[in-house]
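Contents: one structure, followed by commentary.
First the proteins, then the strands, lettered A, B, ... as listed; each starts at 1. Please read these numbers as outputs of a predicted model, since none were measured by experiment.
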Protein chains: 2
Amino acid sequence: MNEYDVKNEVSDKYSLRGRVFSKIREDILSGKYKEHEELKEVAIGEEMGVSRTPVREAFRQLELEGLIQIIPNRGAYVTGISAKDVRDIYMIRSRLEGLCARWATANITKEQLDEMEENVYLAEFHAGKGHLDQITELDNRFHHIMYEACNSKMLEHLLVDYHQYVQRVRQKTLSTVNRSTESNKEHRALMEAIKAGNADLAEKLAHEHMIKAYNNMVKNGLLDATGNSSGDESMDHPEIED
Amino acid sequence: MNEYDVKNEVSDKYSLRGRVFSKIREDILSGKYKEHEELKEVAIGEEMGVSRTPVREAFRQLELEGLIQIIPNRGAYVTGISAKDVRDIYMIRSRLEGLCARWATANITKEQLDEMEENVYLAEFHAGKGHLDQITELDNRFHHIMYEACNSKMLEHLLVDYHQYVQRVRQKTLSTVNRSTESNKEHRALMEAIKAGNADLAEKLAHEHMIKAYNNMVKNGLLDATGNSSGDESMDHPEIED
DNA sequence: TTGTGTATCATTGTATACATCGGAACAGAT
DNA sequence: ATCTGTTCCGATGTATACAATGATACACAA
């Protein structure tokens with residue numbers, strides 16, 4: 001990998017702007033800033049002890065990431081996520097996770113496969129004990145291992161982005177022990193397919209895994225748990241058979 | 001569509017920053033700024049008669065779009081596109097265009113379908129005459145009609161982005177009359193599937209269309225036509241059967 | 001010749017000053 | 001009461017000043 005191969009990254013984690021960017025991002029994803037809330041440059045700057053300049057630059061990036069919307073000469077507002085957005089993202093992800101699984105089948109390293117096996121093993125253990133925090137963490141990690149293993153910075157970046165994006169509404173999706181048990185089974189099957197080098201199966205399983213995760217989320221009505229993610233939409237939440 | 005539904009857009013086309021952003025973007029996509037070329041804030045600012053502030057903000061956005069890379073305290077450099085990047089993007093697009101075609105099948109309006117039919121008809125005419133400029137324009141437009149018809153701002157934004165991104169290396173892909181004739185056939189078949197409401201077929205055809213376009217590009221070695229898009233990579237350009 | 005330290009300077013990072021926009025409150029007319 | 005225009009002011013848009021970084025060139029020693 002040459003020096004030009006690092007793409008689509010916020011290269012600067014240590015400058016003021018980089019820290020401001022990360023902080024606002026986290027605050028939005030964690031829910032500190034609510035949907036449609038206005039973000040003021042001076043206020044955020046003062047909170048972090050910096051001037052407006054780095055804040056403004058961070059705003060521009062957050063806008064492109066889709067987390068805020070900037071209305072010229074008016075202000076920056078936390079983007080609302082509608083139920084349809086969530087649905088679209090999950091469908092997009094279903095295709096891309098499938099492609100990612102296919103590529104991971106060809107490119108996964110022994111170390112990555114080992115970590116994946118350990119991950120599945122641990123997840124089954126914690127599911128049995130009902131440790132929700134660990135289950136969620138392991139679930140996230142499983143997907144990130146696959147993102148890394150696919151050996152495509154382009155695809156990895158896209159999937160990481162969407163993954164974080166839906167965290168806002170997803171937070172408690174795995175809260176039901178039932179789903180986590182199912183989810184683990186799907187992870188294990190996917191891992192086995194990757195291990196066996198069966199790319200077609202891996203793509204299919206990763207695709208279905210995402211569809212099932214979405215359907216489970218809809219079934220439990222968890223979109224509504226975050227406030228008005230769906231409340232201001234006339235759309236119902238149809239399950240998807242794809 | 002309510003006021004919050006406009007997502008992931010650079011909202012401000014008329015401010016200095018908006019214009020700077022668009023101009024630099026075009027200059028990169030058109031090839032005025034070469035790969036790995038350094039962009040200096042002051043120089044670009046002077047060229048457009050503005051100060052560094054709007055230029056810097058534009059840079060931050062261009063970085064997130066993947067067109068430039070910013071190295072802290074050093075500078076901004078036009079991102080190189082490797083042959084692998086192009087391959088990855090085409091594979092990603094193949095999945096997403098498939099999904100887009102599926103959704104378009106469900107959501108396309110009569111007007112959009114009419115325009116699509118006209119587009120296909122005109123493209124066949126110009127292919128017969130060998131009008132390359134019109135063929136390219138119509139090809140782009142065909143895809144954009146489908147992007148709009150899928151009724152998902154999320155997906156549309158993603159596909160438009162990638163479409164523009166690969167313009168840099170794609171420019172002359174359709175230059176062979178052979179390919180444009182084939183491509184037109186594929187467009188027609190895709191349109192017919194959408195018109196007939198056959199979502200499965202539409203997805204499959206859109207997917208294959210992208211794979212074929214990529215394979216054609218590789219076969220004609222057109223990646224190399226843009227300079228060092230592939231020259232500095234040890235990767236060969238395998239065709240993809242997917 | 002090679003290496004190391006240092007001065008220099010172009011360039012970026014950040015803060016601040018000034019310009020401009022647009023919403024809110026209010027006054028007056030209808 | 002409602003509408004309209006005006007003033008005010010908080011917030012963003014842009015320019016500029018100052019700080020800090022790092023690449024380069026050069027002097028000097030080994």
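Taking atom CG of A:Leu39 as the reference point, atom P of D:dA11 lies 13 Å away to the nearest angstrom. The separation between B:Leu16 atom CG and C:dA19 atom P is 15 Å, rounded to whole Å. The separation between A:Glu57 atom CD and C:dA15 atom C1' is 12 Å, rounded to whole Å. What separates CZ of A:Arg56 from P of D:dA11 is a distance of 14 Å, to the nearest Å. As a whole-Å value, the separation of B:Phe59 CZ from C:dT11 C1' is 11 Å. Atoms CD (A:Glu63) and P (D:dT12) sit 13 Å apart, rounded to a whole Å. Across the protein-nucleic acid pair, B:Ile71 atom CD1 and C:dA10 atom C1' stand 16 Å apart, rounded to whole Å. Spacing between atom CD of B:Glu38 and atom P of D:dT24 amounts to 10 Å, rounded to whole angstrom units.
The aromatic rings of A:His143 and A:His209 lie parallel to each other, with less than 30° between the two planes, well short of the 60° mark.
The listed nucleotides are C:dT14, C:dG13, D:dA15; the one nearest the side chain of B:Glu41 is C:dG13. Taking the side chain of A:Arg17 as heavy atoms from C-beta on, and the options D:dA15, C:dT14, C:dG13, the nearest nucleotide is C:dT14. Side chain of A:Pro54, nearest nucleotide from C:dG13, D:dT14, C:dA15: C:dA15. Comparing D:dT14, C:dA15, C:dG22 by their closest approach to the side chain of A:Arg74 singles out C:dG22. Proximity note for B:Lys40 (side chain, C-beta onward) versus C:dG13, C:dC21, C:dT12: the nearest is C:dT12.
Ion pairing of B:Glu37 with B:Lys32 is absent here, as no side-chain N (NZ or NE/NH1/NH2) approaches a carboxylate O to less than 4.0 Å. For the pair A:Lys40 and A:Glu47, the salt-bridge criterion is not met [side-chain N within less than 4.0 Å of a carboxylate O]. Ionic pairing of A:Lys153 and A:Glu156 is present here: one or more N-O contacts between side-chain nitrogen and carboxylate oxygen are shorter than 4.0 angstrom. A salt bridge is defined here as a Lys NZ or Arg NE, NH1 or NH2 lying under 4.0 Å from an Asp or Glu carboxylate O, and B:Glu63 with A:Arg17 fails to meet this definition.
Dashed line: the shortest gap from a side-chain N or O of B:Arg60 to OP1 or OP2 of C:dG13 is under 4.0 Å.
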Please report the C-alpha distance between B:Arg74 and B:Glu38 in whole Å, then the side-chain angles of each, then the deciding distance to 0.1 Å, and finally whether the salt bridge (Lys or Arg N to Asp or Glu O under 4.0 Å) criterion is met.
-> CA-CA 10 Å; B:Arg74 281 224 276 146; B:Glu38 180 169 5; over 6 Å; no
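Side-chain contact annotation: A:Asp85 with A:Ser82, donor-acceptor N/O pair under 3.5 Å present.
Within residues 44-52 of chain B, the residues approaching DNA chain D are B:Val50, B:Ser51, B:Arg52, by heavy-atom distance under 4.0 Å.
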